Amino acid sequence: MNTTHIPDELQQRIDMAALRARGIKHQVLSPNERRALIGRIKHHLDTQDAVLVAHYYVDEELQDLADDTGGIVADSLEMARFGYEHPASTVVVAGVRFMAETAKILSPEKRVLAVKREAECSLDMGCPIDQFSEFCDRHPDRTVVVYANTSAAVKARADWVVTSSIALKVAEYLRDRGEKILWAPDRFLGGYVQRMTGADMVMWQGSCVVHEEFKADELRRLKIEHPEAAVLVHPESPSGVIDLADRVGSTSQIIQAAREMDNDLFIVATEDGIFHKMREAAPNKTFLAAPTAGEGATCKSCAHCPWMKMNDLQGLQRVLSTGENEVFIDEAIRSRAEVSLKRMVDFAREHIKPGMYVTGNA
Ligand code: 13P
Ligand code: SF4
């Protein structure tokens, strides 16, 4: 398979950024302080015609607030759709940078605020536009498909943007049209898509610092201890982990699988913020985290996205009261990125019902 390599120096920078983010501690609030803060945030959302769009990996209190105030807690595809379709004039994104940028690309007329400007994503960081453009230039015959976890500039260079909930369907569609794919940046999701669809793909070699730490051997041992458990895996995980899954899907699709499957016990390979909504969706079921420890473990993130966890109530209150962290994107880049993103949103409207999960491994 034709691939491109992430230089060691870039990988070190990503690891360092993740470690630094992990060291950031939230200020502890008393119950009264928390109540007052939430009251102020609700007032701001109301008076500023703003809606809160949160990812499943952010802290529970932000997820609850999004639900309570008519916003949404969702996977990246549903976050993009919701921000785009919602009538509010301000969209506040609790997630990571690419999610806030996606909202702005799709809705340039809206004010988009990011709760944390510094919240990155290792996949986005590991795919700088200059190197990515060179990679594309080497494969002019290929349709460029990029994961949503990329910068606006990388999306602008792409023909298609996909998220984990729609990647297989888009690859099948392109394969059936005889198109060859250039895929970036996640090598594990790309490998999974390639194995499932047989599409002709060349691959950028990025990875998620959280999901790459799940360990297949330890998971196999945990499955032996709990033969009745179903294994739910996000496709950013290594192929050995995906091979052990009963269901592979986006965060929304994993939650839906937990709700719909008959099992009472689940082993879950994705970021630990997801357990909040999983318990809400299936309150009588039990969820175990898939192992990140074991042979060869470095556990820099331990199923915990350091950037998602930078989002907090205080940050949300600050951006609403000051207007800081507004997202701006160069119009030439935005308008090109809009084409590849809208292609995904339109395709999703036809092919993916909200929350529908993609596939089982069986
Ligand atoms: P989802 O689209 O499945 O929510 O994934 C986003 C993400 O960043 C997973 O690590
Ligand atoms: Fe990026 Fe991984 Fe964090 Fe998702 S969990 S935002 S892919 S670093």
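These numbers were taken from a predicted model, which means no experiment stands behind them.
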Quick one, [X] and [Y] - any side-chain contact, counting heavy atoms below 4.5 Å?
| X | Y | answer |
| --- | --- | --- |
| L320 | L45 | yes |
| L123 | E236 | yes |
| H351 | V170 | no |
| L182 | C136 | yes |

**Shared hydrophobic cluster, V339 / L174 (ILVMFWY, side-chain heavy atoms < 4.5 Å)** = no
query = Does I72 belong to the same Ile/Leu/Val/Met/Phe/Trp/Tyr cluster as V91, with side-chain heavy atoms less than 4.5 Å apart forming each link?
reply =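 Both belong to a single hydrophobic cluster.
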For M203, does its backbone N or O pair with a side-chain atom of R187 as donor and acceptor, under 3.5 Å? no
message = So does G83 get a backbone contact from the side chain of K110, meaning a donor-acceptor N/O pair under 3.5 Å?
response =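 Answer holds: yes.
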field: Atom of T150, atom of P185 and distance for their closest heavy-atom approach
entry: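 That closest heavy-atom pairing would be CG2-CD, 3.6 Å.
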Report the relative orientation of the aromatic rings in [X] and [Y]; use parallel for angles under 30°, tilted for 30 to 60°, perpendicular for over 60°.
| X | Y | value |
| --- | --- | --- |
| F135 | F132 | tilted |
| H234 | H211 | tilted |
| F347 | W160 | perpendicular |

**Message:** If we count only N and O atoms by modelled type, under 3.5 Å, do the side chains of E179 and T143 hold a donor and an acceptor together?
**Reply:** yes
Checklist line | Donor on one side chain, acceptor on other, S252 and S250, under 3.5 Å | finding: no
Do the side chains of [X] and [Y] get close enough for a salt bridge, i.e. N-O under 4.0 angstrom?
| X | Y | result |
| --- | --- | --- |
| K277 | D75 | no |
| R157 | D137 | yes |
| E260 | R247 | no |

The side chain to side chain donor-acceptor pair (under 3.5 Å) partner of N325 among K116, R117, E118 is R117
Which residue, Q194, K180, R142, forms the side chain to side chain donor-acceptor pair (under 3.5 Å) with D200?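 Per the side chain to side chain donor-acceptor pair (under 3.5 Å) rule, the option paired with D200 is R142, out of Q194, K180, R142.
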